[in-house]
There are 2 protein chains.
Amino acid sequence: MNNSDLKKAGLKITLPRVKILEILEKARDRHLSAEDIYTILNESGEEIGLATVYRVLTQFEEAKLVIRHHFSEGHSVFELDLGTHHDHLVCVKCGHVEEFVDELIEKRQKAVAENAGFCMTDHSLNIYGICKACQM
Amino acid sequence: MNNSDLKKAGLKITLPRVKILEILEKARDRHLSAEDIYTILNESGEEIGLATVYRVLTQFEEAKLVIRHHFSEGHSVFELDLGTHHDHLVCVKCGHVEEFVDELIEKRQKAVAENAGFCMTDHSLNIYGICKACQM
DNA sequence: ATTAAAAGTGCGATTTTTTGCATGATTGAA
DNA sequence: TTCAATCATGCAAAAAATCGCACTTTTAAT
């Protein structure tokens with residue numbers, strides 16, 4: 001995920017966008033909220049407004065550079081969209097996120113949608129719990 | 001779901017709470033947001049503040065009278081908690097919600113969590129698509 | 001019925017997220 | 001390079017969601 005991906009998406013290459021992409025790259029195991037990203041930017045001395053962070057993330061979502069998730073915390077969190085579909089295990093204590101794919105579940109989802117007469121466009125499965133590290 | 005359920009939850013029986021429960025009862029096929037409920041209250045002439053609606057819904061959630069969902073629209077929506085776990089098919093056009101349970105998916109979820117060393121506390125599966133009615 | 005304790009409500013203030021607008025930066029063509 | 005067109009940004013203002021506090025209402029014991 002780099003500047004040429006921005007270009008492809010019809011977005012100009014600007015400091016806020018490059019920095020935000022970098023931050024998302026470095027946090028692949030931990031999905032970040034807009035506020036998280038804003039804090040990280042501030043701490044590294046970048047003078048980027050919170051409004052810009054929200055705006056950029058929304059644009060990235062539209063451009064399919066990132067995926068927005070609505071975990072049960074309330075606010076949205078974001079991760080880079082690497083094109084490979086997956087579901088999530090979310091630790092409710094530390095926020096750690098693990099990804100998984102289960103073909104059987106995928107298959108059954110399709111079947112459920114079909115049975116109900118739905119034309120499936122998307123789906124999201126989140127399993128919440130306490131991760132290994134937090135159990136100790 | 002009635003006044004005695006409020007009592008059991010340690011909540012006093014007040015007009016806002018009773019009215020909000022009634023509204024949720026009548027909208028079982030369509031999950032409502034706080035704003036939706038506020039609008040319905042206003043239209044039926046009740047002078048209940050938006051803050052109260054948010055507060056009551058949060059209390060209901062804590063009391064396990066309602067379940068809060070984070071569908072992809074962004075804001076939370078609520079449904080009565082009738083005690084039977086289920087997942088959701090959500091129509092992205094009309095907001096219609098259908099419930100389903102698939103034992104195979106349930107089983108696989110447990111297995112996935114276990115394999116990852118997670119102690120599962122909860123899970124949510126939403127399938128988004130166009131419902132039968134909206135396809136015509 | 002009366003009443004005191006506890007809990008709930010509405011209002012306004014606060015926080016969180018989004019938007020509008022004037023200024024400033026990026027881009028590709030000359 | 002330079003320049004004009006276009007798009008982005010920051011700020012302040014607006015919406016959306018939440019919280020604090022003074023005032024009511026509910027409750028259940030009398």
Side-chain angles (χ1 to χ4, degrees), chain A residues 2-24 31-42 44-63 65-78 95, chain B residues 2-24 31-42 44-63 65-78 95:
Chain A
N2 55 35
N3 294 357
S4 90
D5 291 301
L6 285 177
K7 213 163 249 173
K8 271 181 218 153
L11 296 171
K12 288 184 176 164
I13 295 164
T14 65
L15 189 80
R17 287 175 182 157
V18 172
K19 287 287 169 195
I20 291 173
L21 267 192
E22 276 174 17
I23 288 171
L24 288 167
H31 296 195
L32 301 173
S33 68
E35 194 73 38
D36 290 336
I37 291 172
Y38 177 65
T39 305
I40 294 172
L41 284 168
N42 265 355
S44 63
E46 301 295 339
E47 302 270 321
I48 293 171
L50 181 54
T52 300
V53 176
Y54 277 105
R55 217 167 359 206
V56 167
L57 287 170
T58 303
Q59 291 162 337
F60 282 4
E61 184 191 11
E62 284 162 1
L65 295 174
V66 308
I67 302 178
R68 180 194 296 260
H69 295 288
H70 305 274
F71 293 157
S72 55
E73 314 124 301
H75 49 255
S76 304
V77 293
F78 300 84
Chain B
N2 55 36
N3 294 356
S4 89
D5 292 300
L6 286 177
K7 212 164 249 173
K8 272 182 218 151
L11 297 172
K12 290 183 176 168
I13 295 162
T14 65
L15 189 79
R17 287 176 183 159
V18 172
K19 287 288 170 195
I20 291 174
L21 267 192
E22 275 174 18
I23 288 171
L24 288 167
H31 297 193
L32 301 173
S33 69
E35 196 73 38
D36 290 337
I37 292 173
Y38 177 66
T39 305
I40 294 171
L41 284 168
N42 265 355
S44 63
E46 301 294 341
E47 302 270 320
I48 293 171
L50 181 56
T52 300
V53 176
Y54 278 105
R55 216 165 2 202
V56 166
L57 287 170
T58 303
Q59 290 162 339
F60 282 4
E61 184 191 12
E62 283 161 1
L65 296 173
V66 308
I67 302 178
R68 179 194 298 258
H69 295 289
H70 305 273
F71 293 157
S72 55
E73 312 124 305
H75 48 255
S76 304
V77 293
F78 300 85

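Residue numbering restarts at 1 for every chain, and letters A, B, ... go by the order of the sequence lines.
- Distance CG/B/Leu32 to OG1/B/Thr39: 10.0 Å, rounded to 0.5 Å.
- Qualifying side chain to side chain donor-acceptor pair (under 3.5 Å) partners for A/Thr58, counting only residues two or more places apart in sequence or in other chains: A/Arg68.
- Each of A/Ile20, A/Leu65, A/Ile37 was evaluated against A/Val56; a single residue qualifies, A/Ile20, per the side chain to side chain contact (heavy atoms under 4.5 Å, CB included) test.
- Of all heavy-atom pairs between B/Leu21 and B/Leu6, the closest is CD1-CG, 4.0 Å.
- With sequence neighbours left out, A/Glu62 forms a salt bridge (charged side-chain N to carboxylate O under 4.0 Å, His left out) with no residue at all.
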Show each protein N/O and nucleotides 27-30 of chain C N/O combination with a separation under 3.5 Å, one pair to a line.
unit_1: C/dT27; atom_1: OP1; unit_2: A/Ile13; atom_2: N; d: 3.4

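- Computed from C1' positions of five pairs at each end, the angle between the two local axes of the helix from C/dA1-D/dT30 to C/dA30-D/dT1 equals 30°, rounded to 10 degrees.
- You'll find the side chain of B/His69 reaches within 4.5 Å of the side chain of B/His31, heavy atoms only.
- Comparing B/Glu35 and A/Glu47 against DNA chain D, the residue whose closest nucleotide sits nearer the 5' end is A/Glu47.
- Within the structure, side-chain hydrogen bond (donor to acceptor under 3.5 Å, both in side chains) contacts touching residues 5-22 of chain B (residues at least two apart or in different chains) are B/Arg17-B/Gln59.
- Under the rule for a ring-ring contact (aromatic ring centres under 6.0 Å, His included), B/His70 has no partner lying at least two apart in sequence or in another chain.
- A donor-acceptor distance shorter than 3.5 angstrom exists from the side chain of B/Asp36 to the backbone of B/Ser33, with no hydrogens or angles considered.
- A nucleotide of DNA chain D counts as in contact with chain B when one of its atoms lies under 4.0 Å from a heavy atom; the first and last such, 5' to 3', are D/dA17 to D/dT27.
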Pairs of donor and acceptor atoms involving the side chains of residues 44-54 of chain B, under 3.5 Å and at least two apart or interchain, shall be tabulated with distances.
unit_1: B/Ser44; atom_1: OG; unit_2: B/Ile40; atom_2: O; d: 3.2
unit_1: B/Ser44; atom_1: OG; unit_2: B/Leu41; atom_2: O; d: 3.1
unit_1: B/Thr52; atom_1: OG1; unit_2: B/Arg55; atom_2: NH2; d: 3.4

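- With sequence neighbours excluded, no residue satisfies side chain to side chain donor-acceptor pair (under 3.5 Å) with A/Asn3.
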Tabulated below should be each protein N or O lying under 3.5 Å from an N or O of nucleotides 18-24 of chain C; please produce it.
unit_1: C/dG20; atom_1: O6; unit_2: A/Arg55; atom_2: NH1; d: 3.3

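- Going from atom CD of B/Gln59 over to atom C1' of C/dG8 covers 8 Å, rounded to whole Å.
- Taking A/Ser72 as the reference, nothing meets the side chain to side chain donor-acceptor pair (under 3.5 Å) condition, with sequence neighbours excluded.
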